[in-house]
Protein chains: 2
Amino acid sequence: MSLGHPAETAPPPPYSVYSESCPTRLVLDRLADKWVTLILVRLAEGPRRFNELRRGIEGVSQKVLSQTLKRLERDGLIVRRAFPTVPVTVEYSITPLGRTLAETVQALARWAEAHIEAVMAAQAAYDAQIGAQASRATT
Amino acid sequence: MSLGHPAETAPPPPYSVYSESCPTRLVLDRLADKWVTLILVRLAEGPRRFNELRRGIEGVSQKVLSQTLKRLERDGLIVRRAFPTVPVTVEYSITPLGRTLAETVQALARWAEAHIEAVMAAQAAYDAQIGAQASRATT
DNA sequence: CTGAATCCCGAACGATACTG
DNA sequence: CAGTATCGTTCGGGATTCAG
């Protein structure tokens, strides 16, 4: 029992997002993308076609949407299915893994919508304070 | 009753992260930052000094950390306190508002640490598939 | 319709040096 | 210790064009 087959119950790897070399950093960096959150939440609602997504997410360019979808597919978070119609039809849908993440990022979007006013108020107060300091400095 | 004072019970503003012009986009964009998540979670653990944060978050440069902290302070998510010691001591701490967000982003970090292996497996499978397609194309 | 490829610019970042 | 300032560089991302 002391040596040999080390697989089975390997010690839980000490993944930490605070280690620069930790692969979890890659995941966080992936999520640190303007569009990933929006795409995941959209696809969590149901399958979408390319231009359907594009229209539903204002401001995203075709290039960036394409790139982002490809990365998400590579990460196993979404699935791409092409139908040999004319013209070709492509449908994106979320995977079970992606769905678990979508629920988390959805909370982020909800937080943003819920606390936006508090944030904007804080910004206004901060800017006013800075403005006061600036004029005091020039006086 | 038909016209006049429209204030009181204004219709709930239809904030949506999917509208390009919606201010919630700004918040999402702010969160879409490699370091914001890490900083917020760190400060949720307790107050930290500047270089303490810097050391605790591998890979962040002093410049970027400074910028990010300033933005977070402006958003009302963290508070900066300077003590007139020699040399000067600065302490950053999280606000109640920031704490509500920290709990959400903490879920993200936990997701990353929990599902990193599934993601890496998906990436490997995807890359193998692409490699197969590539060699098939050249054949 | 769904992308891939190209060009191009501004924002962001790292490194360094300097200040209080 | 806790930043700010400047510089040089990289890189993401928008607009456009081409292809299956």
Side-chain angles (χ1 to χ4, degrees), chain A residues 20-21 25-26 28-39 42-43 47-74 78-93 126 129-130 133-134 136-138, chain B residues 20-21 25-26 28-39 42-43 47-74 78-93 126 129-130 133-134 136-138:
Chain A
E20 188 167 11
S21 58
R25 272 289 181 86
L26 300 178
L28 268 193
D29 290 0
R30 182 69 25 94
L31 300 181
D33 183 291
K34 295 171 56 170
W35 307 114
V36 166
T37 299
L38 299 177
I39 292 175
R42 271 286 191 253
L43 289 184
R48 294 283 188 275
R49 296 184 32 200
F50 187 82
N51 279 346
E52 205 175 352
L53 271 176
R54 183 152 156 54
R55 282 189 299 271
I57 302 177
E58 293 182 10
V60 67
S61 74
Q62 170 267 348
K63 174 187 173 181
V64 171
L65 178 58
S66 180
Q67 287 177 344
T68 307
L69 287 172
K70 198 173 296 183
R71 279 200 298 259
L72 291 177
E73 185 193 5
R74 177 167 182 265
I78 68 176
V79 168
R80 177 185 184 275
R81 290 182 57 196
F83 301 92
T85 55
V86 177
V88 61
T89 300
V90 178
E91 185 187 84
Y92 293 92
S93 53
Y126 182 90
Q129 187 66 19
I130 294 298
Q133 288 179 10
R136 220 178 306 142
T138 46
Chain B
E20 187 167 13
S21 58
R25 272 288 180 87
L26 299 178
L28 269 193
D29 289 0
R30 184 69 25 94
L31 300 181
D33 183 290
K34 295 171 57 169
W35 307 115
V36 166
T37 299
L38 299 177
I39 293 174
R42 270 287 190 251
L43 288 183
R48 294 283 188 276
R49 294 177 42 191
F50 186 83
N51 280 345
E52 203 175 353
L53 270 177
R54 183 153 157 53
R55 281 189 299 271
I57 302 177
E58 294 182 10
V60 67
S61 74
Q62 163 263 10
K63 174 186 174 183
V64 171
L65 178 58
S66 179
Q67 287 177 345
T68 307
L69 287 171
K70 200 174 296 183
R71 279 201 299 258
L72 290 177
E73 185 193 5
R74 178 168 181 264
I78 68 176
V79 168
R80 175 185 185 277
R81 290 182 58 197
F83 302 91
T85 55
V86 177
V88 60
T89 300
V90 178
E91 183 188 85
Y92 292 91
S93 53
Y126 182 89
Q129 187 67 18
I130 295 299
Q133 286 178 14
R136 219 178 307 142
T138 45

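Side chains are part of it too, since the values below use all heavy atoms of this structure and drop only hydrogens, waters and symmetry mates. Keep in mind that this is a model prediction, so the values were computed, not measured. Each chain gets a letter, A, B and so on, in the order its sequence line appears, and its residues count up from 1.
- In this structure, A:K70 reaches the sugar-phosphate backbone alone: every heavy-atom distance under 4.0 Å involves primed, P, OP1 or OP2 atoms, never a base.
- Backbone-only engagement by B:R80 is indicated by non-hydrogen atom pairs under 4.0 Å involving sugar-phosphate atoms exclusively.
- In the set D:dT16, C:dT2, D:dA2, the nucleotide with an atom closest to the side chain of B:N51 is D:dA2.
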Determine, stepwise, if the pair A:L28 / B:L38 fulfils side-chain contact (heavy atoms from CB on, under 4.5 Å). CA-CA 9 Å; A:L28 268 193; B:L38 299 177; 3.8 Å; yes

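- Taking the side chain of A:V88 as heavy atoms from C-beta on, and the options C:dC1, D:dG14, C:dG3, the nearest nucleotide is C:dC1.
- Candidate nucleotides D:dG14, C:dC1, C:dC13 were compared by shortest atom distance to the side chain of A:W35, and D:dG14 ranks first.
- Taking the side chain of B:S66 as heavy atoms from C-beta on, and the options D:dT4, C:dG3, C:dG14, the nearest nucleotide is D:dT4.
- Between B:S61 and the phosphate of C:dG14, there is a side-chain N or O to OP1/OP2 separation shorter than 4.0 Å.
- Shown here are the side-chain hydrogen bond (donor to acceptor under 3.5 Å, both in side chains) partners of B:S66, two or more places apart in sequence or in another chain: there are none.
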Going through the distances and angles, do B:Y126 and A:K70 end up as a side-chain contact (heavy atoms from CB on, under 4.5 Å)? CA-CA 10 Å; B:Y126 182 89; A:K70 198 173 296 183; 3.5 Å; yes

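- Contacts of B:Q62 with the nucleic acid, taken as non-hydrogen atoms under 4.0 Å apart, include base atoms.
- Applying the 4.0 Å criterion to OP1 and OP2 of C:dC1, one finds that A:Y92 has every side-chain N and O outside that range.
- Of the candidate nucleotides D:dT6, C:dT6, C:dC1, C:dT6 has the atom lying nearest to any side-chain atom of A:K63.
- The C1' atoms of five pairs define one axis at each end of the helix from C:dC1-D:dG20 to C:dG20-D:dC1, and these two axes lie 50° apart (to 10°).
- In this structure, CZ of B:R55 is placed 15 Å from C1' of D:dG3, rounded to the nearest angstrom.
- Between the CD atom of B:E91 and the P atom of D:dG3 there is a distance of 12 Å, rounded to whole Å.
- Using a 4.0 Å heavy-atom distance criterion, B:F83 is classed as making no nucleic acid contact.
- The distance between atom CZ of A:R71 and atom C1' of D:dG12, rounded to the nearest whole Å, is 9 Å.
- What separates CD of A:E73 from P of C:dG3 is a distance of 9 Å, to the nearest Å.
- Considering only heavy atoms from C-beta on, B:R48 comes within 4.5 Å of B:L43 through its side chain.
- Closest to the side chain of B:V90, from the set C:dG14, D:dA2, D:dT4, is D:dA2.
- Out of C:dC13, D:dG13, C:dG3, the shortest distance to the side chain of A:F50 is found at C:dG3.
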Listed pairs under 3.5 Å, donor-acceptor, residues 52-62 of chain A side chains, sequence neighbours left out:
residue : atom : partner : partner atom : Å
A:E52   : OE1  : A:R49   : N            : 2.9
A:R54   : NH1  : A:V60   : O            : 2.8
A:E58   : OE1  : B:E20   : N            : 2.7
A:S61   : OG   : A:V64   : N            : 3.2

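- As rounded to whole Å, 11 Å separates atom P of C:dC13 from atom CG of A:D29.
- Here D:dC1 presents its C1' atom at 14 Å from CG of B:L69, a figure rounded to the nearest Å.
- Between B:E20 atom CD and D:dG13 atom P the separation is 14 Å, expressed in whole Å.
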Does the side-chain contact (heavy atoms from CB on, under 4.5 Å) test come out yes or no for A:R80 and A:L69, once each step is laid out? CA-CA 9 Å; A:R80 177 185 184 275; A:L69 287 172; over 6 Å; no

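- Shown here for B:W35 and B:D33, the closest heavy-atom pair between the two residues is N-OD1, 2.7 Å.
- The shortest heavy-atom contact between A:V36 and A:R30 is CG2-O, 3.4 Å.
- For B:D33 and C:dA11, the CG to C1' distance is 13 Å, given to the nearest whole Å.
- Side-chain N/O atoms of A:R49 include none lying less than 4.0 angstrom from OP1 or OP2 on C:dC1.
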